[in-house]
Protein chains: 2
Amino acid sequence: MYFTSTFNDNAHMEFNSKDCRSNCPINFILETFGDKWTLLVIRDLMFKGKRHYGDFLASEEKISTNILADRLQRLEERGVINKTIDPNNRSKFIYSLTQKGKDLLPVMLEITAWSGRYDSLTNTPKWFLQALKEDKAGLASKILSELDEPSSK
Amino acid sequence: MYFTSTFNDNAHMEFNSKDCRSNCPINFILETFGDKWTLLVIRDLMFKGKRHYGDFLASEEKISTNILADRLQRLEERGVINKTIDPNNRSKFIYSLTQKGKDLLPVMLEITAWSGRYDSLTNTPKWFLQALKEDKAGLASKILSELDEPSSK
DNA sequence: CAAGCAGCTTGCATTTTGCAAGTAGAATTA
DNA sequence: TAATTCTACTTGCAAAATGCAAGCTGCTTG
């Protein structure tokens with residue numbers, strides 16, 4: 001079957017740690033994000049304004065198309081992202097973060113801070129790392145408000 | 001060769017994103033922690049007072065011994081943990097977090113907060129989630145001080 | 001000095017990943 | 001309106017990572 005559900009039938013079905021190796025919160029996040037690719041999709045949605053399948057494929061880490069399809073489906077199943085038809089082009093889908101996805105922002109920001117400290121070649125701009133130190137909450141709400149703009153492109 | 005270095009010869013060799021798929025901070029953390037097991041070892045060191053090889057093997061997620069050996073070695077190479085001989089038993093090694101490892105605490109706490117919000121079966125105690133909301137910094141410094149105690153067992 | 005423990009290593013079957021190529025439907029172009 | 005292109009996948013297969021069991025080695029303990 002080629003058709004896949006555009007809206008999440010299982011939105012009411014919570015994914016929780018009964019389906020996991022343990023009820024540990026660290027393990028819980030690993031069961032969804034514990035691989036080399038999933039968090040890059042979140043990054044693209046959260047920080048890079050990417051919305052379409054082809055946008056994710058074009059990222060510099062070069063995710064392969066079968067892995068991307070698999071990860072997008074899993075993220076939708078678990079309520080982290082939404083998939084809707086692009087009103088401007090009915091052959092395209094728009095992927096976006098749900099509230100559950102947006103709530104990963106503090107995790108993403110702490111990761112960015114840690115990498116900023118320990119990767120001498122990090123591409124995070126100085127002003128961003130500075131803002132992380134001096135006004136994390138302000139930075140976070142700015143990023144969230146940009147996410148809610150009709151289009152960030 | 002059976003013998004492996006007990007102290008990190010490459011401590012001066014920084015692992016940075018030149019060896020990675022990109023210079024992105026999110027990708028940087030994935031290159032070390034982007035798998036199903038590594039972060040559980042960090043959790044055991046950070047929150048559970050585990051120190052010995054056998055302690056990690058005994059965790060409820062049941063890591064297998066070859067994977068554990070591989071992950072411990074990688075973490076040591078990358079300067080996230082230290083490996084020393086246990087003075088109480090010269091056939092044992094003690095693993096511990098370096099400063100670089102301890103600096104993952106904010107990431108771990110945000111993960112715990114997120115899972116606390118979205119996993120209805122999380123095993124994180126209510127008081128811990130409460131403390132995360134109300135006094136994150138206080139909670140963090142308490143955890144760090146416990147890490148520095150001579151033995152938390 | 002024999003037995004046991006702690007920390008691995010090795011071998012092999014299973015699963016996941018990575019790359020290339022193919023497919024289906026909507027939109028665009030000729 | 002027929003052919004081509006665009007977008008989002010699916011499929012097949014080789015390569016790599018994982019999982020399990022067994023084995024090995026250097027202490028320590030009886």
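Residue numbers begin at 1 in each chain, while the letters A, B, ... track the order of the sequences. This one's a predicted model, so the numbers in the text were calculated from it and none came from an experiment.
- The distance from atom CG of N88(A) to atom C1' of dT28(C) is 16 Å, rounded to the nearest whole Å.
- Rounded to a whole Å, the CZ atom of F56(A) is 9 Å from the P atom of dA8(D).
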Just do the salt bridge (Lys or Arg N to Asp or Glu O under 4.0 Å) check on D148(A) and K102(A) with the steps written out, would you? CA-CA 10 Å; D148(A) 293 333; K102(A) 291 176 187 173; 3.0 Å; yes

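- You'll find that the side chain of R90(A) is closest to dA27(C), out of dC8(C), dC9(D), dA27(C).
- Remark: side-chain polar atoms of D55(A) are paired, donor with acceptor, to backbone N or O of H52(A) under 3.5 angstrom.
- One interatomic measurement links the two molecules: CD1 of I63(B) to C1' of dC8(C), which rounds to 13 Å at whole-angstrom precision.
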Once base and sugar-phosphate atoms are separated, protein heavy atoms under 4.0 Å mark nucleotides 14-20 of chain D, 5' to 3', with B, S and - as ----SBB

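- Atom-to-atom, CG of L57(B) to P of dT9(C) comes out at 13 Å; the value is rounded to the nearest Å.
- Whole-Å rounding puts the I85(A) CD1 to dG25(C) P distance at 14 Å.
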Q) What's the verdict on ring pair (Phe, Tyr, Trp, His ring centres under 6.0 Å) for F33(A) and F28(A), showing C-alpha distance, side-chain angles and the deciding distance? A) CA-CA 9 Å; F33(A) 304 98; F28(A) 183 71; 8.9 Å; no

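- By the 4.0 Å N-to-carboxylate-O rule, D35(A) lies close enough to R71(A) to be salt-bridged with it.
- Put simply, CG on L72(B) is 14 Å from C1' on dT9(C), counting in whole angstrom units.
- Under the 4.0 Å criterion applied to side-chain N and carboxylate O atoms, E61(A) and R43(A) are assigned as salt-bridge partners.
- Under a 4.0 Å N-O distance rule, the pair E60(A)/R21(B) does not qualify as a salt bridge.
- As rounded to whole Å, 14 Å separates atom P of dA6(C) from atom CZ of F93(B).
- For K83(B), a side-chain nitrogen or oxygen approaches OP1 or OP2 of dC8(C) to under 4.0 Å.
- Rounded to a whole Å, the NZ atom of K50(A) is 14 Å from the P atom of dT7(D).
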